[in-house]
**Q** 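Shown below is the structure under consideration.
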Amino acid sequence: MTHKINLTELNWRFPLISEKQHIADIDSETLLAPFAQQLLDTLSELGRYLIRNSEKDANIVALGFWLRKSNLARIAKQYAGQERTAKGIVFHIAPGNVDTLFFYSLVVALFAGNISILRLSSQTSVIADKLIYLLNQFVGSNNAFYFLQDYIKIVQYQKNDQVTQQLSKLADARVIWGSNNTISSISAIPAKADAVDVCFPDRYSVAVIQLETTQQVIEAVNGLLSDTKAFYQQACSSPKVIYWLNTAQNLQQQFWEMLSAKLLAISDEMPLNESEYIAKTLYWQQVGILSERPVAAEVKNQMLTLIAVEEISREIVDAHCGIWCFLDMQLMSIAQLDVLEHCQTIACFGVDENVLNSKVANTEITAKRVVSLGQSLVFSHIWDGIDLIDMLTIREK
Amino acid sequence: MANWTELLELPVYQLNKADKKALFSTELFKLSQHHYQSCLAYRRIIDAVEPRFFFKENQPPIALAANIFKHHFLSSVEQQNIAKITTSSGTTSAQVSKIALDKENIARQQRVLTKIIKQWLGKKRLPMLIIDHPNVIKDKRSYSARGVGIQGLSLFGYHHTYALNEDMSINEDAITEFFSRYQNEKVFIFGFTFMVWQYFVKALQNLARSYPFKQGILLHSGGWKKLQQQAVSNDIFKQQTKQVLGNIHIHNFYGMVEQTGTVYVECEQGHLHCPVWSDIQIINVANMQELPKGERGVIQVNSLLPTSYPGHAIITEDIGILLGEDDCQCGRKGKYFSVLGRIEQAQVRGCSDTQN
């Protein structure tokens, strides 16, 4: 039944050169050494280029900042003394819509010396398009960057198992982002015999906040804002549940009032449409139905909805629409904190991170990482507890 | 609970603003109380947002987002009393709404629909041409929205003739037979807007065929989204339909499976009219406040009919505009409005699916 699709006829977004050079001449002979100086230099140059041309887009600035030399060197240092070689050809199946995550996936694979093929879904965001544009511009700006064309291939196509199948055949590793359904359907498509699949399924994240003074309120508000603003609280690592640890009601109230005002102030720059307003209404109504315990929903304003709950379930989390709906829970002690199995990030404020880290390390709670509030969206090469560098290299004995 | 014997006697389009308001504020409040007492899910929703809702007499109902019926099964009657579950396939989602109906609600929906439709068709049953294929009403236990519509309106006709074959091709033999028999009589033609356009009007135009009935009424419903994509306005629709069906009366109507029965029929002026048993409000969904006449917003539909499920106040996904109340040139009382289309889809930004 399968008929071969001419891959060169797909919509290749990078590099923008004659089509014959795209996929036919992918050659895993030319792998680079992980963390090679050339990679370090080029990626940090790319980072600077992105910041310069970001037009103040916070997501692109964050990406550029992540690519700074010191950060890359810090990552490389974690593998110093280990003899590693690149895995080969990495096929990334990027999330439909977290605008910059695909790019992190790409640069980590590249930094580990690999060749990447990245599949974008048929609809890309403005930021994704801009990043691809900037990458093309960057490569054209200096001969020294031309080599990236051999290491990064970005293709865009509507869901098509046959194309995914043919690209998978080339892959020594696949990095799959998406829902459990997506992951299982792509995993079912065979890759090379010894290929690895690195899967990033749906996750949700929480924040634990303890406030003692009014001074802390503004800091915490700014932290939560930066953790939720970039993707309208829809990224897996944006906190959806706020756990209040022994915090006075009046401080909680101040916190929400301030967040509410700040969100209202950005409502012009981040307008919501009618579907989104209705989605927020639907969500608090759903939480009301889904919770066995009392719920108190409060629509603060057009941007912010608070839903005080006494329990969290998978259904309540799965129904979450983002767009600044916060589930709100009270904790008497950190020992009471429990998260669902698919929790990714615990962001904390005013709480001893070490205590939480050791709870995670002892698997008392199932979260993948603990960060300070405000750092939830900062990418790490260890994502969802998976060391991407380790997965995308081969360690010699 | 409402006295339906009396309610059904009310004239369909004659209640003025003050009388209707009085009727609705008390009856909707009673419905809120009834569903609060009978439907756990509804009670939880109200308790979550407004625990003191019933402290104040005649509070306007808290409207549910229409999609809630796609995610949850909300019923205000005992399981064994559910006689039928109607479903709608939303145009944009794979999930369907499930509406629980008991015998009383089914009968009431039909009675109300009859009252409304008779205003437009007259008292007598008419020979009926259905712009669909007969298999759409086969599964009697679980009707689709299309099935519900056809089934409900079939009662106003006789000699039901289906104009399409199962593959949506036109059944010329059936139409020709119907036409030769009834071309000089008043006929009733019914179909869903897009199907009437795509599989009937366009198909007949392609075949260069027309059936100029001397008199008749076409009622059609089901949304303009696909027609808007083809830049077909209501005027174009009417004009070209008349080219193939003769000088018949054409009335669009608006309605939804969540509130079956209370349809909003378009008058001679091209305005959709609220019947006495239901009402609309135009809502600014950013703050859920009602908008005045002339402003574009989301349509909320309020109906006195639903007792078996808490669907007496629903925020739809349609955009509309209130044109006026009590003063339409056609002479009918009550609110009149127009539907401008569907709300724009939500943007997806989360780490969700790669499968598109």
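The figures that follow rest on heavy atoms only: side chains count, while hydrogens, waters and symmetry mates do not. In what follows, chains carry the letters A, B, and so on, assigned in the order in which the sequence lines appear, proteins first and then strands, with residues in each chain numbered from 1. The structure presented is a predicted model; accordingly, all values stated were derived computationally and were not measured.
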**Q** So if I apply the side-chain contact (heavy atoms from CB on, under 4.5 Å) rule between E274(A) and each of R342(B), E317(B), R296(B), which one comes out positive?
**A** R296(B)
**Q** What option among R203(A), Q302(A), Q285(A) has the most heavy-atom pairs under 4.5 Å with chain B?
**A** Q285(A)
**Q** Under 4.5 Å from any heavy atom of chain B, what part of E298(A) do you find: side chain, backbone, both or neither?
**A** neither
**Q** H35(B): which residues meet the side-chain hydrogen bond (donor to acceptor under 3.5 Å, both in side chains) condition with it, sequence neighbours left out?
**A** S76(B)
**Q** Does CD belonging to Q80(B) count more than 12 external heavy atoms closer than 6.0 Å?
**A** yes
**Q** Using non-hydrogen atoms only, which part of I46(B) is less than 4.5 Å away from chain A: side chain, backbone, both, or neither?
**A**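 Contact with chain A is absent: no heavy atom of I46(B) under 4.5 Å.
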**Q** At what distance, to the nearest 0.5 angstrom, does CD1 of I45(B) lie from CD1 of I289(A)?
**A** 3.5 Å
**Q** Between I343(B) and N273(A), is a side-chain contact (heavy atoms from CB on, under 4.5 Å) present by the stated rule, with each step listed?
**A** CA-CA 8 Å; I343(B) 55 172; N273(A) 68 22; over 6 Å; no
**Q** Among A319(A), A308(A), S291(A), P294(A), which residue forms the greatest number of heavy-atom pairs with chain B at distances under 4.5 Å?
**A** S291(A)
**Q** Could you look at S238(A) and say if it's the side chain, the backbone, both or neither that has a heavy atom under 4.5 Å from chain B?
**A**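 Answer is neither: S238(A) stays 4.5 Å or more from chain B.
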**Q** A quick test of your reading: do over 12 heavy atoms of other residues, nucleotides or ligands sit less than 6.0 Å from CD of Q229(B)?
**A**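 Result for CD/Q229(B): enclosed.
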**Q** Can you confirm whether more than 12 heavy atoms, excluding those of E269(A), are under 6.0 Å from its CD atom?
**A**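 Result for CD/E269(A): enclosed.
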**Q** With side-chain contact (heavy atoms from CB on, under 4.5 Å) as the test, pick out the partner of Y277(A) among V298(B), N287(B), V285(B).
**A** V285(B)
**Q** With the threshold set at 4.0 Å, does a side-chain nitrogen-carboxylate oxygen contact exist between E292(A) and R44(B)?
**A**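 Judged by the 4.0 Å cut-off on N to carboxylate O distance, E292(A) and R44(B) do form a salt bridge.
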**Q** Mind checking the CD-NE2 spacing from Q286(A) to H71(B)? Nearest 0.5 Å is all I need.
**A**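 Rounded to the nearest 0.5 Å, the CD-NE2 separation comes to 5.0 Å.
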**Q** Looking at every heavy atom in both A48(B) and G288(A), which two are closest together, and how far apart are they?
**A** CB-CA, 4.3 Å
**Q** Indicate yes or no: at least one non-hydrogen side-chain atom of M288(B) is less than 4.5 angstrom from one of V299(A).
**A**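 Contact flag for M288(B)/V299(A) side chains = no.
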**Q** Is chain A contacted by the side chain of I315(B), its backbone, both, or neither, given a heavy-atom distance below 4.5 Å?
**A** side chain
**Q** How many angstroms lie between atom CD of E315(A) and atom NE2 of H72(B), to the nearest 0.5 angstrom?
**A** 8.5 Å
**Q** Which atoms of I283(B) are under 4.5 Å from chain A, going by heavy atoms: the side chain, the backbone, both sets, or neither?
**A**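 No part of it gets close to chain A.
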**Q** Considering only heavy atoms, which portion of I62(B) lies under 4.5 Å from any heavy atom of chain A: side chain, backbone, both, or neither?
**A** side chain
**Q** Around atom NZ of K226(B), are there more than 12 heavy atoms from other residues, nucleotides or ligands closer than 6.0 Å?
**A**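 Result for NZ/K226(B): open.
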**Q** Below 4.5 Å from any heavy atom of chain A, which atoms of N67(B) appear? Answer side chain, backbone, both or neither.
**A** both
**Q** Top residue by heavy-atom pair count (under 4.5 Å) with chain A, among A65(B), A63(B), G297(B), A66(B)?
**A**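 With the most close heavy-atom pairs to chain A, the winner is A65(B).
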**Q** Taking only residues two or more places apart in sequence, or in another chain, which ones meet D102(B) in a side chain to side chain contact (heavy atoms under 4.5 Å, CB included)?
**A**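 For D102(B) the side chain to side chain contact (heavy atoms under 4.5 Å, CB included) partners, ignoring immediate neighbours, are V77(B), E104(B), N105(B), S308(B).
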**Q** Can you tell me if K240(A) has over 12 outside heavy atoms packed within less than 6.0 Å of its NZ?
**A** yes
